Amino acid sequence: MKNRKRLFGQWHYLMALLLTLAMVSCGGEDKTGDQAMISGGNSKTWRADKELTASGDKDKLTDAEEQETMQFYADGRFALGGGGTLQTGTWSYDKAAKRLSLQFEGQGVSENFTVEELTENEMVLVANDGSRMELKAD
């Protein structure tokens, strides 16, 4: 009977260890939502909340940057405005690649970001140079 209890206890220990290993090897939870989280049903407005340099140092937002908004429309358009300026263009999101692409109208310029996190209220974008911007939904 003692051997059976000891074997049963070892079996539980082994199963717990295997479960832990399986969870760790599968990686963390995917924190990138879908395209609708960016634009909402029709449109959604985002504001920069925090910026970090490529080395991870805090990059203080200027007053003008704090006033800028980025509005994403469900039809694939966007508008970036603040301080009396307005830039428009189109956007696309590849969830599998975690890539947000912005094509600025009339400029032949596009910006690509890695989407590190995307929820209903927060979006974390990483630029090609490694700098990072945290945005909050209005």
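Basis for what follows: all heavy atoms, side chains included, without hydrogens, waters or symmetry-related copies. Numbers for residues simply follow the sequence, beginning at 1. Source: prediction; values computed, not measured.
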* Going through the checks in order, is the side-chain contact (heavy atoms from CB on, under 4.5 Å) test met by R99 and V115? -> CA-CA 6 Å; R99 174 76 55 198; V115 179; over 6 Å; no

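Atom CG of L86 sits about 11.0 Å away from atom CD of E68, to the nearest 0.5 Å. Put simply, CG on L102 and OG on S92 are 8.0 Å apart, with the number rounded to the nearest 0.5 Å. The line from NZ of K44 to CE of M123 is 8.0 Å long, rounded to the nearest 0.5 Å. K98 contributes atom NZ, which lies 13.5 Å from atom CG of L125 (distance to the nearest 0.5 angstrom). For the atom pair CG of L100 and CG of L118, the computed distance is 9.0 Å after rounding to the nearest 0.5 Å.
Applying the side-chain hydrogen bond (donor to acceptor under 3.5 Å, both in side chains) rule to T114 yields no partners; only residues at least two apart in sequence or on another chain are considered. Residues that satisfy the side-chain hydrogen bond (donor to acceptor under 3.5 Å, both in side chains) test with N121, not counting sequence neighbours, are absent from this structure. Residues passing the side chain to side chain contact (heavy atoms under 4.5 Å, CB included) test with T90, sequence neighbours excluded: Q103. For the side chain to side chain contact (heavy atoms under 4.5 Å, CB included) test, no residue two or more places apart in sequence or in another chain qualifies with Q67. For E111, there are no salt bridge (charged side-chain N to carboxylate O under 4.0 Å, His left out) partners, not counting sequence neighbours. With sequence neighbours excluded, the residues forming a side chain to side chain contact (heavy atoms under 4.5 Å, CB included) with D57 are T53, S55, listed by chain and number. Shown here are the side chain to side chain contact (heavy atoms under 4.5 Å, CB included) partners of E105, two or more places apart in sequence or in another chain: T88.
Here ring pair (Phe, Tyr, Trp, His ring centres under 6.0 Å) pairs that include residues 50-70, with residues two or more places apart or in two chains, number zero. Identified under the ring pair (Phe, Tyr, Trp, His ring centres under 6.0 Å) test for residues 119-138, with sequence neighbours left out: none. Within the structure, the ring pair (Phe, Tyr, Trp, His ring centres under 6.0 Å) test picks out no pair touching residues 115-138 (sequence neighbours left out).
A single hydrophobic cluster is seen to contain both W91 and F104, as judged by linkage of ILVMFWY side chains at heavy-atom distances under 4.5 Å, directly or through other members.
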Which atom pairs, one a donor and one an acceptor, fall under 3.5 Å between side chains of residues 69-79 and the rest of the protein, sequence neighbours left out?
| unit_1 | atom_1 | unit_2 | atom_2 | d |
| --- | --- | --- | --- | --- |
| Q71 | OE1 | Y73 | OH | 3.3 |
| Q71 | NE2 | S43 | OG | 3.0 |
| D75 | OD1 | R77 | N | 3.2 |
| D75 | OD1 | R77 | NE | 3.2 |
| D75 | OD2 | R77 | NE | 2.8 |
| D75 | OD2 | R77 | NH2 | 3.4 |

Under 3.5 Å donor-acceptor pairs involving side-chain atoms of residues 131-138, not counting sequence neighbours:
| unit_1 | atom_1 | unit_2 | atom_2 | d |
| --- | --- | --- | --- | --- |
| S131 | OG | D129 | OD1 | 2.7 |
| R132 | NH1 | E116 | OE2 | 2.1 |
| R132 | NH2 | E134 | OE2 | 3.2 |
| D138 | OD1 | R47 | NE | 3.1 |
| D138 | OD2 | R47 | NE | 3.1 |

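Judged by distance alone, the side chain of E65 and the main-chain N or O of T62 form a donor-acceptor pair under 3.5 Å. Here the side chain of W46 pairs no donor or acceptor atom with the backbone of S39 at under 3.5 angstrom.
Between L61 and K50, the closest side-chain pair of non-hydrogen atoms is not below 4.5 Å.
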